[in-house]
There are 2 protein chains.
Amino acid sequence: MTPSTMREMADILRNAGIPVTLQRVEIARVMLSQHTHLSADQVLAKVQQSVPETSRATVYNTLRLFREKKLVRELIVDPERIVFDSNTDPHYHLYNAEQGTLIDVSADELQVVGLPDLPPGLQLDEVDVIIRVRDRKP
Amino acid sequence: MTPSTMREMADILRNAGIPVTLQRVEIARVMLSQHTHLSADQVLAKVQQSVPETSRATVYNTLRLFREKKLVRELIVDPERIVFDSNTDPHYHLYNAEQGTLIDVSADELQVVGLPDLPPGLQLDEVDVIIRVRDRKP
DNA sequence: GTAATTGCAAACTCTTTGCAGCATG
DNA sequence: CATGCTGCAAAGAGTTTGCAATTAC
């Protein structure tokens, strides 16, 4: 990690009100230095490449913390695992279950029209759109 | 189960090419006699009210079979459990995670516009829309 | 010194699987 | 008789939790 990345990640954490630790900076580097879609185990594997003294529990704890602070979103697209998305702008997803690939679709291209009125006492949280595709079988 | 329901469920199974058994008729009654959203465990609990000699494995096997035969859809809305939906018409969902309630939104009311062109070699499987709501906190 | 953070291992939940017995055609 | 369906129990995967040791303020 370059010094500037280190500093950038630490700043993101502080701005979010998260006390800075080595493991959190490292998890931030993996998740937040570019847009990605990663499962908790994928994050663990990447973090352990640079900081082997990182436990699975810390990764789960930290990802939950990041989610609460809105640094990442949880995507529920596959029953096997939760995917964490570091793109927090409004957007949708194209998912290929066979390959496990997940691609962002900007909210500029794709829109949802005709959202129903919500029953009173409810407020909109978010709208997920998942375009599920598969390999064309000839 | 009235005799007519019994017969109706057996017909649905036969039409789908599924050999008729007591457990399958019972699971069909729970899932298919009206539109519902149920987890495997909820189906198990309901089926066991009338046919206690029904195992968890059979419920999972049968729900998978129903899915392959397009009698039900699998909904991935909550990381805790898979929900099976007996409404196989095109439609979307409004989900309240706190209450666990899931409501159908017809494809007549709500539409997705601007679906991206798919990369060659891919075909569209389905488009899921989940409107996530929560209780309004005053 | 008090509180927060971490690692380890165990626990937990949902789902799948292996296998023996039973039923079915 | 051969196939396939069922129940039971165990296995498996992902996630959470309890707790003691360490670190930080």
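In what follows, chains are A, B, ... by sequence order, proteins preceding strands, each numbered from 1.
The CG atom of L44(A) sits 16 Å away from the P atom of dA13(D) (whole-angstrom rounding). Across the protein-nucleic acid pair, D78(A) atom CG and dA13(D) atom P stand 15 Å apart, rounded to whole Å. The interatomic distance linking L63(B) (CG) with dC5(D) (P) rounds to 15 Å, in whole Å. Computed from coordinates, the L65(A) CG to dA4(C) C1' distance equals 12 Å when rounded to whole Å. Distance, L13(A) CG to dA24(D) P: 15 Å, rounded to whole Å. For the pair I76(A) CD1 and dT15(D) C1', the computed distance is 13 Å after rounding to whole Å. Distance, I18(A) CD1 to dA24(D) P: 18 Å, rounded to whole Å.
Applying the ring-ring contact (aromatic ring centres under 6.0 Å, His included) test to every pair with at least one member in residues 9-50 of chain A, sequence neighbours left out, gives these pairs: H37(A)-H93(A). Listed by first and then second residue, the ring-ring contact (aromatic ring centres under 6.0 Å, His included) pairs involving residues 68-88 of chain A amount to none (not counting sequence neighbours).
For dT24(C), neither phosphate oxygen OP1 nor OP2 lies less than 4.0 angstrom from any side-chain nitrogen or oxygen of T21(B).
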**Message:** Does D135(A) form a side-chain contact (heavy atoms from CB on, under 4.5 Å) with Q99(A)? I'd like the steps, not just the answer.
**Reply:** CA-CA 9 Å; D135(A) 295 327; Q99(A) 303 176 187; 3.1 Å; yes
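Partners of D104(A) by salt bridge (charged side-chain N to carboxylate O under 4.0 Å, His left out), not counting sequence neighbours: none found. By the side-chain contact (heavy atoms from CB on, under 4.5 Å) test, A107(A) pairs with P90(A), Y92(A), sequence neighbours left out. By the side-chain contact (heavy atoms from CB on, under 4.5 Å) test, T36(A) is found to be paired with M31(A), Q34(A), L38(A), S86(A), residues two or more places apart in sequence or in another chain being considered.
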I'd like a table of atom pairs between the protein and nucleotides 12-22 of chain C - only N or O on both sides, under 3.5 Å - with the distance next to each one.
from, atom 1, to, atom 2, distance (Å)
dT15(C), OP1, I82(B), N, 2.8
dT15(C), OP2, Y60(B), OH, 2.5
dT15(C), O5', Y60(B), OH, 3.3

